[in-house]
Each structure stands twice: as structure tokens, then as C-alpha cells.
Amino acid sequence: MSEQTSSETVDYKDTVFLPKTDFPMRAGLANKEPGILARWRDEKLYETLRKRRAGKEKFILHDGPPYANGDIHIGHALNKTLKDLVVRTQSLLGKDAPYVPGWDCHGLPIEWKIEEQYRKKKRNKDEVPASEFRAECRSYADNWVNVQREQFQRLGIMGEWDKPYLTMDYSAETTIVSELLKFAENGQLYRGAKPIMWSPVEKTALAEAEVEYEDVTSTQIDVAFEIIEAPNCPAIQELIAKGEKVHAVIWTTTPWTIPVNQALAFGADINYKIVRISSLSGCALNCVVASELVLGLQQRRAGISELPEGAVYEIGWPDAPSFKGSQLAGAMAKHPMADAFSSSLPFRGGTEGGDEPHAPDQIDSPHPNPSPEGEGLEHIPSINRDSELAEFFTRPRPFLDGSSFVTTDAGTGLVHMAPDHGEDDFDLCKANGLNPVFAVEADGVYRADWAWLPRGDARSGSVINKKFTAANGPICSDLRAAGALLSADDFKHSYPHSWRSKAKIIYRCTPQWFVPMDTPLPEHVRNDAEGVGSERAQGKGVNLSLRDVALDEIRNTVRFVPERGKRRLESMVEGRPDWVLSRQRAWGVPIALYVNRKSGDYLNDPAVNARIIAAFQAGGADAWFDADHQTLLGADHDLADYEVVNDILDVWFDSGCTHSFVLESGNWPDHQSPADLYLEGSDQHRGWFQSSLLESCGTRGRAPYKAVLTHGMTLDKTGRKMSKSLGNTLDPKKVINAQGADILRLWAASVDFTEDHRIGDEILKTVSDSYRKLRNTFRYMLGALADYDAANEATAYDDLPELERYILHRLAELDAGLKQAVNDFAFGKYVRAISDFVNDDLSAFFFDIRKDCLYCDVGPHMPHGTRTRCAYRTVVNILFEALTRYIAPVLVFTAEEIWMTRYPEGESVHLQEWPDVDSGWHNADLADKWQKLSTVRQTVNEAIEPLRREKTIRSSLEADIVYPLADLPVTPDEFAELCIIAGVSDGTEIAVTKTTHHKCGRCWRLIPDVPEDGALCSRCDSVLNG
RNA sequence: GGGCCGGUAGCUCAGUUGGUUAGAGCGCACCCCUGAUAAGGGUGAGGUCGGAGGUUCAAAUCCUCCUCGGCCCA
């Protein structure tokens, strides 16, 4: 007692309401999140949500399947988080938004891994039964599906994880093959030969997506083709008539294509010159070269990158005749190795169309340019003069018009054509009746019966073997011996490689299965489409092809976010070639067709197809490889008449079918087709977006999606691409284990994912900081709402003070903005809006102003607090309910933690729907007024600052302000409350002085009605004592 | 090599049809508070808008070139 009286002031701390909550300031997400996940699993949150939303408007996000191979990387984390944000925000809006994740399980990379394991164990893959090999691939994929499934769930991705879709499920494989058979039945399938990307190492065709470009050093050579005749080119004819030889010079970086050369191409508008170039042995050659490329040829021959201008004609021809490329039409040349064969063979002449035989005496005459070694053609070691195919080399090579692709950017302006090994070559030769010869076999070696450098010859080798194509390798040596090699040197350039083996790939003609882009679709497919405003609806399309329908869907039906995705997909579909479906591999869905040995047509019998599908249903794709094909063919067909196709399907066809077996199959009854949204990285324009579109348009006449959302790539902190070789990758698992999945999710939601974006330690630190700010404000609300008694405190809108109504106005604005952001999938805007609102409107403004009220407007004689305090807590409660729901799709774990703190016995926040925010809370007049007051508040703060710095006053509560009050729509008391100052008086100039009032011992305000420091103000007195 | 996209404060982002002194949040510095306390409040410093030209009374914004980065294609 005596001690109390000796104390000057009474400690009122216990009479003041302070926020209290068990919600910790420090998150400890990494430790806490797994527990929350376990709880969701136990409570079957996803299933409960499905039941709760059953019957509501649907929103179907169809998951693009990641490849089941390896741990997830940051790109997966971004992609899945964005999908989760879409699904959860749509669900929050009250829609039924199921999410079935899937995996892409077939394909080369897995096959490659199994083969790698075989190699380590010294097993030969070819000796392992296919079914065993496929089983191992299946088990490998299965393992990674499980690993990734855990990792995705740890990220907080909500979905039907117990029943994902796998492209290797028997039901999926069945659907894939039946989709293929739809193409077959519709006549939208053909077998053709085309040069396609081929990997001699993996011995398979590669999809464009399986190819990457890297710099390599190749051998560049200039090769002279002797011109036999050029009937439309007087300049050449004149020289030939004089008995001189004229050579067309071609440049190539793939010397190995010379043995399969079949023609030469010129540009009709290119100017050519006949220049005299000394051969290596000193004789002069008349060479046809594009005028502007003479210098480049000389440089290559000199082995230098720059040649002085004057040097050009040193061995040239001052008045070299020149002519337009079009004059080369009808000209003929000899293959450089032709003489090597004809020297011991009777001339056989052209084989392709009765060309006039050429004078044998010319061919038999001694070669004017013997090789420097002087050995001559007799000594070329790798010639099989007796070969039936020797004739290939003695045929004349026609000059063809290649104006569409022959340029004067590099080379000689003349291009040698090997239809087996180039798209331009193939197309141009095909148009001129020259067909591929399939000389290079699957492993990159010329076939055994080839006349030059055949398999089995000691000098032969794979065409991607550097030694084989080197300047001193067999090809160059032989060409040199034949006097046809003008230069051979290293050449650095970008060259395609297999993404798996990193080995060089080549273009190679092989028989493959194709889906044609430009063949008219059957009517029943075209008419399935219901494209609004489409060309089809306008009755334009009688002969619409797959390309037409796909473009129509892109242009007229599908929504693209961002918009530029439309143009990108469009240009790709416009320009793409026919779709190559086949792969010569084992781990995939077979192209289940029988080809008639006589006609070459595939069997198109619905009854057989039905048996095939039934077999797949029972045993998956293995059913084809292990099948009794005669049984599948039935009594109407004899297996002996048919070739069983053993190719498998491109994995892009697999994933292109996911819409069929996920959305339409009924295996996931809450799904429907078409999907509302496909959401993938921008690389999928060429991949899944396109394969799905083509598959669906080819079978259903419409796109499988209503909207396509693309995100950019995640780069490192400096904006460079992440790669293992650069060592700048960032492992999402590490972020999750160090900072928590919510931090990674907040990052994904914060960046502008429509563009390429960055991640790094500093960026994650910034994200953590804004997370902490959000977390603390929620913590404050939880504390402020401790013991909130709605029955006694809840205040009707009309009874709320203006400040509270202004905040509700701001909430209504936020609410509308967030809804818009959800519909635009603009998650960056979404979290920024929440963050700004929490920081500016709440923490620094509303909560700060009302702290006094919250703490002190309550006491024994006013247990529920003043009306202002009731109003305040009513609004804080509304804010809490709204903000917790808003943030829930982003901070899935934290929102649950917040929610469970408030409602320990309640159900998950993720079952809640979008908060009830009354649009009637919008109040423009109030907003004007309070935004103005907010500015005034800032002005006052600026005015106080100097005094605070010189320590005249400390807390703003000590400041008395002079302020021109006339045009302010508030009372002085309200003004003081707003600015958290002692008091205000009217005046023309803003001024700040230290107040002379005493400080209330309870609420610490310095106001006139406090008799002395430490005594109670009248408000505190009445609250405590009545 | 070709096509497309992008480069705004340390970080993440806004900047409408060209129009005052280019904004926000976070971070940073300093100050206050010590009753949201490993929190809260305040004030302030940071940008020649990738670079160089050009159009215009006026350019972050339109045009050209260059540069850096990314995606796709060859």
C-alpha cells in the first residue's frame, strides 16, 4: 500500500485492451506446412470441395502433362503454381473447378535412360524382349510420377492426386490408338518419305522439340561440277565449244551429302560470272560463281578470312563473262565422281528421261586437271566400279531453279541438291522427278551396296563422324583425287543436335507416317465444329483442311492470354509441314496399322479397328507388340498379305490426345470438354498447344480449349536462362525447405509471368519481406478481434463513422479490382492490390488511427466498448473475412493457419467462397473527402518531422497544429484523431508546437481534460469508472 | 542468320490515345514509439526510363539504327 502511494502514477496497462493472439509473428513455414498438408489429406479437402461445388458453374483447367523424368525444376513450380492460382481463384468465385494433374510417360528420354542402365550392366538392348524393355520404361516413369507428385503437393497444389492421368495408363493408350484410327478412318494419314530430323546415334526420327542447336566446327568444301551443256547460256556454250571445260562451283558444310548429290540449284535472278581459278595443281579452271561471291570463294581457297580487293583478279579474269541465273535452265553437269566410274564402265547415259547421250570421247579423254599427287582416278580406293549403282554417279545432274531458297548470303550462289538430306532439296527434286535414294542408313553409314564409300569399306563411317567428313577424310580425299575439290577448311556454325544424346543429327529421308495439313477433312469432322463467327459458320469451307480448321479456331474462337500468343500459334500453324507421327522406337503407343503389301495402303476395316481397340483396353499398348495379328485381322484378312507397322507414335500425339481421355472419357466425371483453359509456358506453342489443337481439329473439327494462357520462362537473377551447365539453377525444393512453399507461391504470383521473369536470392528476400508484412497485419487483425462479440458489437453500415465507411469503400474497390484480376488471370495485379491495401489503407492509416480507440474505448463500465470501437471491430471483422479469403489462393498454408487460429473448430478456408462485399459500399463522395484528408494527414506529418528530429516533440501526440481549417470538412477533434496529434487550431499558416496539455496516464493522449500528467482523461475515466 | 517479345529506382511492378517536376510497394538511410515490439509509425535519399540519332511546341511513350537478354525458327 505504501509502495503504491509512493508511486507518482498508476499503471493502467492492465485496463487497456491489447491485441492478443496465438498466431506467431514468425512463420516457420518450412516446418509448419507439412502438418497443414497432412491435415488436408486426412480431411479429404479436395473431395469435400468437389462435393461442395457440385452443380455449380464449371471451370475446367486441363493440366498439360510434365514429363515423368527427374525432379521438378523452377519452371514446373511456376507452371503448377499458376495453375493452382487459377483453379483456386475460380473455386473461390464459387465455381466447380476440378483439377486432375497428369504426366507424359512415353518417349525417348525414358527409353534412353533404360538403355543407359543396360549399357552400364553391359546388356544388349536388342536381346531383351520388347515387353520386358517396355515394362522397365513403365516402372521408371511410374517412379518419377510418384516423386513429382509428392513435390507438387508439397508446393500446395490442390488436385486429384490420388487419381492423376498418365499417358501410359491402359485407358489412355487405348484412347490414343483409337484417336489415331480416327485419323486413319478419315483418310487423314499417309505414309511418305521425307527428309526429317534424324539422329544416327539414337537411330530415330526426332521431333522439332527434341532438337537443339549448338556451335560446332564442320568441314566446308567448294566442289566443282563439270558442266556438260548449257543450252540457254551462250557464255558457257561458247567455252565448251572451244573445247574448254567449265565448272559449276558449289559450297557445302556437309561434305557427306556429295555422294548422294542428284542436282544443282541456281537462283534465276542471281548474277553469275565465269572466273578463272587456278586449281591446286596450277592449271586454270573456268568456274561459274555468283558474281558477288567470287571474293568469298577466293578467301576460302586462300584459307583466309579477308582478301585484299585487288587480289580478286590476280588469278581471275578481268573481263569475265557474266549472265543471269535463269540462263542455267536446262543445263547439265557431271557428278564430280562420274569419271571415276565411267573410266572403267561403258557410258550408260541418263536414266531418268531419255537425255541425249553425251559424247563419250569427252569423258574418255585424259583429265585436264590431274590431282596434285598425280595418281588419278584409278587410285581412288573406295569406289565399287562393279556396283549396279555406279550408274547413279554417271547420270547427268540437272540445274534446277531454286530461286526460293538460293541466296548470295554465303557460298557460291549455286547449291548442290541431295533430296535425301534437305527439305528444299527434297521438294525441288521431287517437283523435277528426282527421288530420294536412301543411301544413308539409320546409323548414318552409306548402305552396303552403295557405289562410293559403302558400309563395309574400311574408309567408310558415320556421316556425323568428324573424321569421315574432315578435309583429309575419305570424301575430301577422293574429291581431291578427282580434281573436283577447290577448298576444304574448318567452318564454325550452329548445327542441330539431339537434346538427349547431344549428338549431331542429320536430315534423312525415311518412310514415315504423316498427318496431312492440307487434305480436305471429311464432312462429319468439319461439321462438328460450332465455331461462332468462324469461316465454317459462314459456309465458306467445303474443302477445309486440318490447317484451315485449326487456323479458323485460332483466329475466331480461342481466347489468348496474353493476346500475342494468338499471332504466335497462328504463324506456326500457317507455316508448319505435315505432322510426322511415327518414331522407330519401343516405348510408346504403336501405330496400330496393317499395310497391304501389294497396294501399300493401310487396312481401313472398322471391325479390325474395333478388335484392336478392344485388345488395347485389355492389355494396353503391349497388346499390339505381343498380339496374334491374325486374330486381330479376323477371318476376312490374311496376315500374309499385310505388313504389321511397328513404329510408335510421336509423344506429342499422346499428349495431344489428353483432352480426349481426360475431358471426355468419363473417367473424371466432373470434367467436360472443351476445356476452359490450357496454361503452359510459351515453348508449348510449338508443343502441346499445337498438338492438342491439331489432334482435336482433325478428329472433332474444333479446338480442345476455349482459352490459352502462356507464361514466360524463368531466368536467373541477372536475366539469363537457367541451365545446369551455367550452374545458375535454383532448386524449388531448396526454397521450400528454407523459406516455405508460400514464399515460392507468392513469388510466382508477384512476377509478370506473361513475360520472361527472374528469380534469385534478392528477389526471394523481397518476397519474404512482403510476406512478413502481410502476415503481421493478419496477426494484428486476429489480435484486434480477440473476444469479438458480434451479437453485441456488430454495427449496421448506416451507423458506421465515416472513416469506417470510407474503408469499406476502399474494400469494395479492392474487391472489384480483384475480381477483374481473377478473370484476367492477372495474379501480379491481384497480390499487389492486396498488399498495397494492407500496407497503405490498413496498417499505416486505418489501424494506426483507430489504435487508441481499440485499446482504450473499452473497460469495466463499457464492456463492449464505445460505439466507435464497435464500429471499428465490425469493420476489422469484415476486413478479416474478406482478406483471408482473398489471400487464400496465394498463401494457401498461411491463410489456413490464420483461419484456423480464428476458427479452431471450423472448416478449411479453402472451402469458403468469395467474400460478401456489398457493392453499395462504394461511395465516391466519401472517397473524395477522405482521400483529401489523407493528403492533409501527410502534410501534417511533414510539418511535424523537423520538430521530431530536433527532439522538441517525440510522439505526434505531443504536437499542437495550426492549420487552415476553413475548407476542411471535419471538426478539430476529428482532425486531431485522424492525424494522431494533441490538437488543432485554425490559422493561415501551418505551424507545429509542443502541446501544453497533460498526458493521460491510460491512453497517453495529451488533451485539455487531463488535469495533470498521469491522471485520467474524461474518456478513460468514464470507461473505467462510469 | 531470320521472326517475335522485352530492357522504367537495389528488388517486384504501374505509367491510358505522346502533354506539368516519371509513380507505387518492398528494401535502404535517418527519426519516433516501446501498449501489433525479432513488430508499428514518420521523413528522406535513390531513375539522363538499355544506348545513339530522328519526328514533334512536347517523347518512357512514335520512327530508325545499335546493344543486351529471352522465345521460336533455320
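Numbered from 1 within each chain, the chains take letters A, B, ... in sequence-line order. Predicted model only: the values in this text are computed from it and were never measured. FYI, side chains are in, hydrogens and waters are out, and symmetry mates aren't considered; it's all heavy atoms of this structure.
- Rounded to whole Å, the separation between the C1' atoms of B:rG42 and B:rG69 comes to 40 Å.
- When distances are taken from the side chain of A:Asp848 to each of B:rU43, B:rG35, B:rG41, the shortest belongs to B:rG41.
- Taking the side chain of A:Pro19 as heavy atoms from C-beta on, and the options B:rA36, B:rG35, B:rC72, the nearest nucleotide is B:rA36.
- Whole-Å rounding puts the A:Tyr507 OH to B:rC73 P distance at 11 Å.
- Although no hydrogens or angles enter the test, the distance criterion places no donor-acceptor pair under 3.5 Å between the side chain of A:His711 and the main chain of A:Thr754.
- Take the nearest nucleotide of RNA chain B for A:Ile953 and for A:Lys721: the residue whose nucleotide is more 5' is A:Ile953.
- In this view, A:Thr15 and A:Arg1002 satisfy the side chain to side chain donor-acceptor pair (under 3.5 Å) rule, not counting sequence neighbours.
- Separating the C1' atom of B:rC13 from that of B:rA22 is a span of 14 Å, rounded to the nearest Å.
- Note on A:Arg567 versus A:Glu570: salt bridge recorded, some NZ/NE/NH1/NH2 to OD/OE distance being below 4.0 Å.
- By the 4.0 Å N-to-carboxylate-O rule, A:Lys851 lies close enough to A:Asp848 to be salt-bridged with it.
- One C1' atom belongs to B:rG46, the other to B:rC28, and the distance between them is 9 Å to the nearest Å.
- The side chain of A:Thr777 sits closest to B:rA36 out of B:rA36, B:rC72, B:rG42.
- The side chain of A:Asp752 lies closest to B:rC13, out of B:rG42, B:rC13, B:rA36.
- Taking atom CZ of residue A:Arg850 and atom C1' of nucleotide B:rG35, one finds them 18 Å apart after rounding to whole Å.
- B:rG41 and B:rU61: their C1' atoms are spaced 38 Å apart (whole Å).
- Of the residues near RNA chain B, A:Ser750 and A:Arg26, the one whose nearest nucleotide (by heavy atom distance) lies more toward the 5' end is A:Ser750.
- Cation-pi geometry between A:Arg869 and A:Phe17 is satisfied (NZ or CZ under 6.0 Å from the ring centre, within 45° of the ring normal).
- As rounded to whole Å, 13 Å separates atom P of B:rG41 from atom CG of A:Asp841.
- Summarising the geometry, the separation between CG on A:Leu746 and C1' on B:rC11 is reported as 13 Å, rounded to the nearest angstrom.
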Give each protein N/O atom lying under 3.5 Å from an N/O atom of nucleotides 5-8 of chain B, with the pair distance.
unit_1	atom_1	unit_2	atom_2	d
B:rC5	O2'	A:Glu755	OE1	3.0

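- Checked by distance alone, A:Ser843 brings a side-chain donor or acceptor within 3.5 Å of a matching partner on the base of B:rA36.
- Taking atom CG of A:Asp683 as the reference point, atom P of B:rG3 lies 22 Å away to the nearest angstrom.
- Counting heavy atoms of neighbouring residues, nucleotides and ligands inside a 6.0 Å radius, atom NZ of A:Lys829 does not exceed 12 of them.
- Looking at heavy-atom distances under 4.0 Å, A:Trp1004 makes contact with a base.
- Picking from B:rU12, B:rC71, B:rA36 the nucleotide with the shortest atom distance to the side chain of A:Phe847 gives B:rA36.
- Spacing of P atoms, B:rU67 relative to B:rA60, comes out at 24 Å, to the nearest Å.
- Between the C1' atoms of B:rU48 and B:rG53, the separation comes to 16 Å (whole Å).
- Taking only distance into account, the side chain of A:Lys829 never meets the base of B:rA14 through a donor-acceptor pair shorter than 3.5 Å.
- Note that A:Arg902 lies in the cation-pi zone of A:Phe880, set by a 6.0 Å cut-off to the ring centre and a 45° limit from the axis.
- On the C1' atoms, B:rC11 is 7 Å away from B:rG27, given to the nearest whole Å.
- Between the side chains of A:His757 and A:Thr714, at least one donor N or O lies within less than 3.5 Å of an accepting N or O.
- Ion pairing of A:Glu977 with A:Arg850 is present here, as a side-chain N (NZ or NE/NH1/NH2) and a carboxylate O approach within less than 4.0 Å.
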Base-pairing string, 5' to 3', of RNA chain B - Watson-Crick or wobble, under 3.5 Å, | interstrand | (((((((..((((.....[...)))).(((((.......))))).....(((((..]....)))))))))))).
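- For the pair A:Glu958 CD and B:rC33 P, the computed distance is 7 Å after rounding to whole Å.
- For the pair A:Gln220 (side chain) and A:Thr253 (backbone), a donor-acceptor distance under 3.5 Å is absent.
- Between B:rC68 and B:rC32, the distance separating the two P atoms is 50 Å to the nearest Å.
- Taking 4.0 angstrom as the limit, A:Arg720 places a side-chain polar atom (N or O) nearer than this to OP1 or OP2 of B:rG69.
- For A:Arg686 and B:rC73, the shortest distance from a side-chain N or O to OP1 or OP2 is below 4.0 Å.
- Listed pair A:Tyr12 / B:rG35 fails the phosphate criterion, with no side-chain N or O lying under 4.0 Å from OP1 or OP2.
- Aromatic ring orientation, A:Tyr780 versus A:Phe847: tilted (interplanar angle from 30° to 60°).
- Nucleotide B:rG3 holds its P atom 24 Å from the NZ atom of A:Lys566, rounded to whole Å.
- Using a cut-off of 4.0 Å between Lys/Arg side-chain N and Asp/Glu carboxylate O, A:Arg832 and A:Asp836 are scored as not salt-bridged.
- Minimum atom distance to the side chain of A:Tyr855 is reached by B:rA36, of the listed B:rC11, B:rA36, B:rC32.
- The side chain of A:Arg954 has B:rC33 as its nearest neighbour among B:rC71, B:rC33, B:rU12.
- Here B:rG46 is in the syn range [glycosidic angle within 90° of 0].
- Remark: A:Tyr963 pairs with no residue by the side chain to side chain donor-acceptor pair (under 3.5 Å) rule, at least two apart or across chains.
- Note on A:Gly719: only backbone sugar-phosphate atoms sit closer than 4.0 angstrom, heavy atoms only; bases stay farther off.
- Residue A:Ser571 places no side-chain N or O under 4.0 Å from the OP1 or OP2 atom of B:rG3.
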Counting primed atoms, P, OP1 and OP2 as sugar-phosphate and everything else as base, the B/S/- map of nucleotides 20-29 of chain B against protein heavy atoms under 4.0 Å is ----SSSS--
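- Across all strands, A:Met781 comes closer than 4.0 Å to no nucleic acid atom at all (heavy-atom distances).
- Contacts of A:Glu563 classified as side chain to side chain contact (heavy atoms under 4.5 Å, CB included), with partners at least two apart in sequence or in another chain: A:Lys566.
- Below 30°, between 30° and 60°, or above 60°: for A:Tyr830 and A:Phe827 the angle between ring planes is above 60°, a perpendicular geometry.
- The distance between atom CZ of A:Arg576 and atom C1' of B:rA74, rounded to the nearest whole Å, is 16 Å.
- Residue A:Arg1002 is in base contact, counting any heavy-atom pair closer than 4.0 Å across all strands shown.
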